[in-house]
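Down below is the structure, laid out as structure tokens.
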Amino acid sequence: MARTTIPTTYDPRQVEVARYRIWKEAGYFRAVPDPARRPWAVMMPLPNVTGELHIGHALNNSVQDVLTRFRRMQGFCALYQPGTDHAGIATQNVVERELAREGLRREDLGREKFQERVWAWVRKYGSIIYSQLERLGISCDWDRKVFTLDPDYSRAVLEAFVRLYRKGLIYRGRHMVNWCPRCETVISDLEVVHEEVDSSLWYVRYPGADGGPGVVVATQRPETILADVAVAVHPADDRYRHLVGTTVLVPLVRRPVPVIADPRVDPAFGTGAVKITPGHDPLDHEIGADHRLPTLVVLDSRGRMTGEAGRYAGLDRLAAREAVAVDLQEAGLLERVEPYRSSVGHCDRCHTVIEPSISDQWFLDVAEMARRAADAIRAGRVRFHPQRWTKVALDWLDGIRPWVISRQLWWGHRIPVWQCAACGERTADTAAPAACPRCGGADLVQDPDVLDTWFSSALWPLATLGWPRDTADLRYFYPTSVLVTDRGIIFLWVCRMIMFGLEFMGEVPFADVYIHPTVLTLTGQRMSKSLGTGIDPLEMADGRGYGADAVRFALISRCSQAQQDMRFGEKMIEDVRNFNTKLWNATRFVLLHLDGFDHRAPAPAPAALSTADRWIRSRHARLAGEVTALLEAYEFDKAARALYDFIWGEFCDWYVEMAKADLQREAGDPVRRHAVQHTLWVVLSRTVQLLHPIMPFITEEVWQLLPHDGPSIMVSPWPQPDPGWVDHQAEAEVAVVKDTIRAIRSLRAELALPPGRRVPVRLRADGPTRAMLERARPYLADLARAEPVHLDDPAVPRPAGCAAAVLPQVEVLLPLAGLVDAAREQARLRKTVDQVEAEIRRLEGRLQDHEFTARAPAEIVAQQRQRAEELRVRARRIRELLEALAAEG
RNA sequence: GGGCGGUUAGCUCAGCGGUUAGAGCGCAUGCUUCACACGCAUGAGGCCAGAGGUUCAAAUCCUCUACCGCCCACCA
């Protein structure tokens with residue numbers, strides 16, 4: 001077999017981009033329904049078209065890619081569905097900011113022109129994220145890219161709306177909603193982020209209409225006093241009972257309003273009396289409605305005071321707050337002001353303070369859908385990993401409220417409802433109706449609003465597969481296998497997909513939900529570009545030259561179900577780069593020793609395998625089983641660690657070193673040579689296959705360099721743990737050999753022996769262990785520079801002048817008279833024997849404890865007895881050594 | 001106000017009822033050993049946040065406390 005020249009160092013940048021192109025052109029990413037194979041599917045959590053790849057995307061997509069590559073190798077027909085989201089508010093904001101730099105507002109362009117402008121933006125920047133995902137090695141089916149405003153997808157959105165409308169679940173209502181005065185649209189409860197803000201509590205006197213002292217109320221928002229319609233107290237509050245039913249005057253405007261009693265007032269807060277402002281507070285709105293009070297509005301859609309606010313008209317909310325406070329002070333009605341910290345709602349997108357506001361909107365009644373979704377989760381038809389998120393999802397579904405689905409934006413799916421100018425009848429349809437179905441009028445006006453972006457994303461698993469059409473994709477891939485996402489969108493997206501999946505398909509959209517940790521900086525801050533605290537995955541891969549593999553492995557290896565957050569830093573990627581180099585060099589070693597090897601020749605007979613060969617095969621069989629089970633259980637950190645420890649700690653540190661000894665000693669034996677070559681090849685090949693889902697590029701390079709069958713590791717069969725490889729005897733034997741080698745090295749280091757110097761060693765052990773060590777002579781010589789090695793029965797008298805270590809099964813002696821400082825040796829051994837004896841006392845104490853021997857399981861008791869016995873033997877040997885040393889001194 | 005996580009070696013984290021609590025990085029010492037100095041070898045470093053409890057046995061289970069973080073919530 002011709003030997004390829006192998007570069008000494010591995011530069012990921014040189015291979016990754018080229019390799020990705022080969023895969024893509026070979027069509028390995030494509031998923032076409034295949035009745036002969038089992039389907040497996042994952043849906044990419046659609047990134048915003050405006051987005052650029054950040055570390056969170058890198059993690060999320062790496063996890064999905066690990067699963068997809070794993071299942072593909074297992075023989076599933078694996079679909080990884082990509083796509084982007086039009087992201088209504090986010091995208092509109094970006095383009096509006098661009099317009100603002102030109103001194104324009106969207107109204108200056110008009111709806112049509114503005115939309116053209118956004119489309120131009122999307123065409124220019126919308127595919128950046130795709131090329132960035134490609135750079136990470138993401139193996140999704142690019143032929144299936146979907147954008148939520150694509151014609152097919154839009155049809156699905158309108159179809160969903162119309163079906164829900166006709167079921168009576170979508171309705172128009174006038175309610176208190178969350179209004180963003182900057183975006184000038186309603187947003188849902190989930191898009192409001194509450195933050196603690198330092199503010200004040202103003203205590204304001206409302207004088208009695210009869211000239212009495214009236215009542216003092218506490219408020220955070222003096223500017224809304226202008227819209228007050230009552231003062232409320234708790235019905236059982238004796239302080240105010242006499243005032244209920246009387247009239248007080250609203251400060252500044254001197255409007256007479258009633259004092260009412262309502263149990264929703266907390267008598268312990270403030271003065272126990274609260275002003276009622278139904279136009280600007282959700283609770284007040286309810287109380288106002290129950291008491292049949294009027295609603296006054298003093299703020300407009302941009303958060304400025306309206307004409308109703310008299311002399312404050314035109315002022316912004318905050319300016320008005322100051323002005324009103326000053327005027328109250330001057331009027332002598334401001335009793336006091338206290339500092340106050342409270343939770344204030346902000347717009348998720350632009351961080352403006354939300355204004356509770358009454359407006360006409362479209363609502364979706366999700367009560368029944370949520371109930372069915374909760375039932376499905378409770379029945380285990382959707383399983384969350386880690387499990388703790390189950391309760392979080394259920395709590396939200398159980399307390400669900402109607403969903404505001406209209407948005408006062410221009411970018412999104414236009415609400416498919418037309419109103420007749422003549423009779424006012426509203427009609428919902430997937431296309432504009434020709435005439436009003438009620439009066440026949442032809443003058444129909446479409447609703448100006450668009451749908452909440454999350455309404456369309458809730459259809460993602462359906463619409464990407466062709467719904468509402470009955471397609472082969474939908475029949476084959478739905479329901480999908482798993483959804484991978486961050487905890488931040490469990491309600492916004494995950495729960496809603498479950499609701500819509502059940503509503504429109506009668507089946508949940510995915511069987512598993514894997515919630516991965518959120519990436520933070522090493523100091524626990526949010527990764528943020530603007531704060532300069534982020535790690536840019538592409539800068540790491542290309543700029544710093546660590547490669548996409550290193551970024552992926554670093555993220556995946558910290559993807560633990562035990563942690564909600566993942567602290568991440570460049571050092572972690574650097575560590576993986578070192579691991580890659582290690583793997584690369586191990587591959588070089590194997591290739592250098594594969595001369596004349598034919599991987600298609602019959603595998604070596606068991607008798608041809610050395611202990612080392614059998615040991616590494618046994619370890620590999622365990623690894624294969626472990627990695628498979630861990631990936632299936634979404635235990636990514638453990639899978640990554642198992643691979644890392646095996647490759648570095650077992651294959652490189654021990655097997656390769658032992659194989660060197662075998663190859664050298666047995667150079668003339670073709671059967672043994674083939675056995676070692678075969679072991680090196682088969683273990684490394686299968687190991688890179690197991691590692692491929694996490695590090696696709698380097699594993700492909702290695703696999704291609706090694707003798708192989710098939711065109712790519714990507715489409716090679718997932719290694720099955722070979723039960724015939726498990727070999728307890730070889731594992732036990734290598735364990736003893738490793739301990740012995742480590743003991744010799746440790747003694748050498750303490751004696752400061754030059755590394756190259758060969759030292760004679762005497763090993764004392766019982767028969768079976770001596771047989772093992774006999775076989776291990778070449779390893780002892782090469783790995784510990786121990787030569788010659790004398791194997792003694794423990795009964796043989798010890799020579800004088802030895803450095804010694806006493807292992808459970810082996811006594812290691814370095815007879816180096818002259819070099820060994822007897823006093824130091826004695827001190828060291830005495831320390832050891834003290835430790836051993838302390839442990840024996842502890843064990844014996846326990847074994848003499850009747851409670852323990854009577855109540856602990858028999859096997860535990862037996863185990864501890866045996867251990868105590870072993871320790872006694874060890875202690876006796878050490879003491880004998882000490883006596884011998886004393887005799888010499 | 002309610003809920004959920006976390007607290008283990010200098011750092012990032014495993015371990016989650018039973019031998020002497022582990023890894024990587026960092027640190028110390030020695031090595032240009034024929035795959036690899038992005039490496040090899042050896043070593044130092046921990047009252048497992050605190051206090052109670054359950055158990056023959058607790059880093060591991062329970063209760064409380066403290067601190068850190070996240071989510072939900074109509075306390076004006």
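Computed from a predicted structure; not experimentally measured.
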The side chain of A:Gln563 lies closest to which of these nucleotides: B:A35, B:A14, B:C38? B:A14

Taking pairs as Watson-Crick (N1-N3 plus N6-O4 or O6-N4) or G-U wobble (N1-O2 and O6-N3), each distance under 3.5 Å, the stems of three or more consecutive pairs with RNA chain B are B:1-7 with B:66-72, B:10-13 with B:22-25, B:27-31 with B:39-43, B:49-53 with B:61-65

Using the C1' atom as the point on both nucleotides, what is the distance between B:C4 and B:G45, in whole Å? 34 Å

Could you tell me whether the side chain of A:Arg577 has a donor or acceptor atom within less than 3.5 Å of a complementary atom in the base of B:C38? yes

Please list, by residue number, the residues of residues 218-229 of chain A whose heavy atoms come closer than 4.0 Å to an atom of RNA chain B; answer none if no residue qualifies. A:Ala218, A:Thr219, A:Gln220

Nearest of B:C36, B:C56, B:G24 to any side-chain atom of A:Asp849? B:C56

Any donor-acceptor N/O pair under 3.5 Å between B:C25 base and A:Lys571 side chain: no

Which of the following nucleotides, B:C74, B:U42, B:C56, is nearest to the side chain of A:Ala749? B:U42

For B:U32 and B:C38, measure between their P atoms and round to the nearest Å. 16 Å

Looking only at side-chain atoms of A:Arg588, point me to the closest of B:G24, B:G18, B:C36. B:C36

With a 4.0 Å limit, can you tell me whether A:Thr277 has a side-chain N or O closer than that to the phosphate oxygens OP1/OP2 of B:A76? no

Assess the pair A:Tyr634 and A:His385: is the distance between their ring centroids shorter than 6.0 Å? yes

